[in-house]
Participant: 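Mind having a look at this structure? Questions to follow.
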Amino acid sequence: RIATAAATGLAMVVLGIFLRERKPTYALIMQGGCIGVMYLAVFAAAKLTTLFSPAVALILMTLLVIPGVALAVLQSAQVLAICSSLGGFAAPSLLSDGSGNYVALFSYYTLLNLGLLAITRFKLWRWLNLLGAFCTFVVMAYWCRTSYELSQFIPLQPFLIGFTLIFTLVTLVSARRRQFQLSQPADALLAAGVPLVAAFLQFTLAYELPHGLSLSALGYGAFYLGLAVFIWKRWGHLMREQEGEMAEGALASKTGSIRLLAELYLACGVILANLAIPLEFSQRITSAAWSLEGVVLFYLAYRVLSPRIKVVGLIALTVGMVAAWLDLFTPRDLAGGYKIISTCVCGLAFLIASCIQHLDVVRHRERELGEPLNAASGVQCEKFLAVAGFFVWFVGLFVEASYMSPAPLNFLLLTVSASALPFCAAGKKLNFRTIYPAAFLPLPMSVGCVRGGVFFSSSLYYGLPYYANSD
């Protein structure tokens, strides 16, 4: 009966090849049915009888993938390739003997995925690539959830890194051939899903290792940041050509997709690298690092004319401000040290980002490119950043002054008034009038609080010993 089923499958594929030009749809149905029948015949021979051992059956089912994919490539039939590949990915689960040989399992999946990468050289089949990534990472996640042990960390690393590189290369090859479109759901899922899923699996593997989570986040973040830089340098001339092309031009749309891919990898790298900071450092250092990183991203967005990078920078600034507030209201006996580090760095970061946003608005007006976001949101964004920066700056100084001086209000007003001078100088230099009201607001109040300089000397008298004895 098994031999009869196999012979029927062979007859179906011969008939399908014979009819591929006259009746292509019917021919593909016959060829797909042949693949299914052959898979079932091998499966039955291994599971229902003793005709084939599981190892032999796995080899035969793997060999069935090759002619199925070859017929699909020759006839440009993605569905046939999906059917053949699906049988190949399902074969280890169907023929499993429960031995738990994960090296053989993931080596087999590596060969299948290398085959998908080779197919990308001839055909860009988005859903086939997505199917390979889905099956690979789902099986690996299930195995990590049920069978993973810490002693298996080193042997598993090459497989996880290899899977990540293969599907990243699939995306890069399609982008290099100008066939990648982030508007396509399959391309978007593959480009954005692989970094996040791979990082999640890496966190699962390294969870019990000392500093494993932070090093994993830093490694994956550095990889995707480097990948974004590579794409910008490799296809930077295409991105610059986009400014001179019509919005509906083919080159402009494809170049835009390359730019989006670079920005996507940049965002993934920033997110993953940022995860390493709270995993290793306190809220204070986390707030300062995220705030400074937000400023860097704002400046990068200003240089490359990318509103999307600016949004990522705004998110980093906001998260840094949240971390600064959490640190500010943590009891001092638990937090220790200088809380002014997080609040002042965060406030300065917002103010610098506000100045960069103002320069961006001015540049777009002069070049008549339109506002960075729209006609009003660019100005509103710079005002929001300035107000948020001054608010964090003032509140941080006040909370810190309350611990170091018997006259915290006087000390606060003097410090804020002194800081208003460089802020106003920067506002005058950049013609940024939003800074003036907030910077000069404490000056009249501070004049009324000055009493022969007594409060300043007393603040220093009580404040310096506090900082000298602080942890």
Side-chain angles (χ1 to χ4, degrees), residues 214 218 221 270-271 273-302 309-332 334-359 381-405 408 411-427 430 432 434-435 438-439 442 463 466-467 470-471:
S214 57
L218 186 61
V270 169
I271 292 172
N274 276 331
L275 291 177
I277 301 175
L279 291 172
E280 285 293 325
F281 301 102
S282 63
Q283 293 176 350
R284 189 164 306 147
I285 303 300
T286 299
S287 171
W290 281 349
S291 301
L292 294 175
E293 194 168 352
V295 173
V296 173
L297 290 174
F298 250 79
Y299 180 72
L300 178 62
Y302 170 74
I309 298 180
K310 188 179 296 182
V311 171
V312 177
L314 184 60
I315 293 174
L317 285 171
T318 304
V319 175
M321 183 174 63
V322 172
W325 286 117
L326 292 175
D327 177 60
L328 190 64
F329 294 104
T330 301
R332 187 166 293 267
L334 297 177
Y338 308 108
K339 294 191 174 186
I340 197 172
I341 294 176
S342 58
T343 53
C344 287
V345 170
C346 182
L348 285 174
F350 268 92
L351 292 172
I352 295 173
S354 177
C355 294
I356 296 174
Q357 175 67 16
H358 173 72
L359 292 176
C381 182
E382 71 179 40
K383 291 181 179 179
F384 163 75
L385 291 170
V387 171
F390 277 114
F391 182 73
V392 175
W393 178 268
F394 292 158
V395 174
L397 287 178
F398 177 76
V399 173
E400 192 69 10
S402 64
Y403 284 95
M404 63 175 294
S405 172
F411 184 83
L412 170 68
L413 292 174
L414 180 65
T415 308
V416 172
S417 300
S419 64
L421 298 178
F423 291 152
C424 292
L430 301 175
F432 187 21
T434 305
I435 289 182
Y466 163 75
Y467 278 109
S470 177
D471 293 333

Participant: Between Cys346 and Trp290, is any pair of side-chain heavy atoms under 4.5 Å apart?
Facilitator: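 Heavy-atom side-chain distance check fails, nothing below 4.5 Å.
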Participant: Return the minimal non-hydrogen interatomic distance between Leu385 and Ser354, and the atom names on each side.
Facilitator: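 Taking every non-hydrogen atom into account, CB-CB, 3.6 Å.
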Participant: Measure the CG-CG distance between Leu300 and Leu297 for me, rounded to the nearest 0.5 Å.
Facilitator: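 Reported value, rounded in 0.5 Å steps: 6.5 Å.
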Participant: With heavy-atom distances below 4.5 Å as the criterion, would you say the side chains of Glu293 and Val270 are in contact?
Facilitator: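 Heavy-atom side-chain distance check passes, below 4.5 Å.
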Participant: Can you name the residues that form a side-chain contact (heavy atoms from CB on, under 4.5 Å) with Leu218, not counting sequence neighbours?
Facilitator: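 Ala276.
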Participant: Might you point out which heavy atoms bring Ser214 and Glu280 nearest each other, and give the distance in Å?
Facilitator: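 Distance-wise, the nearest heavy atoms are OG-OE2, 2.6 Å.
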Participant: Of the non-hydrogen atoms in Thr286 and Pro278, which two are nearest, and what is the gap between them?
Facilitator: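 Taking Thr286 first and Pro278 second, the nearest heavy atoms are OG1-CA, 3.5 Å.
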Participant: What pair of heavy atoms forms the shortest contact from Phe298 to Gln357, and how long is it?
Facilitator: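 Looking at all heavy atoms of both residues, the shortest contact is CE2-OE1, 3.9 Å.
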Participant: Can you list everything that forms a side chain to side chain donor-acceptor pair (under 3.5 Å) with Tyr299? Sequence neighbours excluded, please.
Facilitator: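 Tyr299 satisfies side chain to side chain donor-acceptor pair (under 3.5 Å) with Arg303 once adjacent residues are dropped.
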Participant: For Ile271, check side-chain contact (heavy atoms from CB on, under 4.5 Å) against everything at least two apart and list the hits.
Facilitator: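 Testing Ile271 for side-chain contact (heavy atoms from CB on, under 4.5 Å), a comparison that skips the adjacent residues, returns none.
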Participant: Please examine the side chains of Val311 and Leu314, heavy atoms only from C-beta on, and report whether any two atoms are closer than 4.5 Å.
Facilitator: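 Not in contact.
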Participant: Checking Leu292 now: which residues fulfil side-chain contact (heavy atoms from CB on, under 4.5 Å) with it, not counting sequence neighbours?
Facilitator: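 Once residues adjacent in sequence are excluded, the partners of Leu292 under the side-chain contact (heavy atoms from CB on, under 4.5 Å) criterion are Val345.
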Participant: So, using side-chain contact (heavy atoms from CB on, under 4.5 Å) as the criterion, who are the partners of Val295 when residues are at least two apart?
Facilitator: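 side-chain contact (heavy atoms from CB on, under 4.5 Å) check on Val295 returns Leu317, Ala349, Ile352, Ile356.
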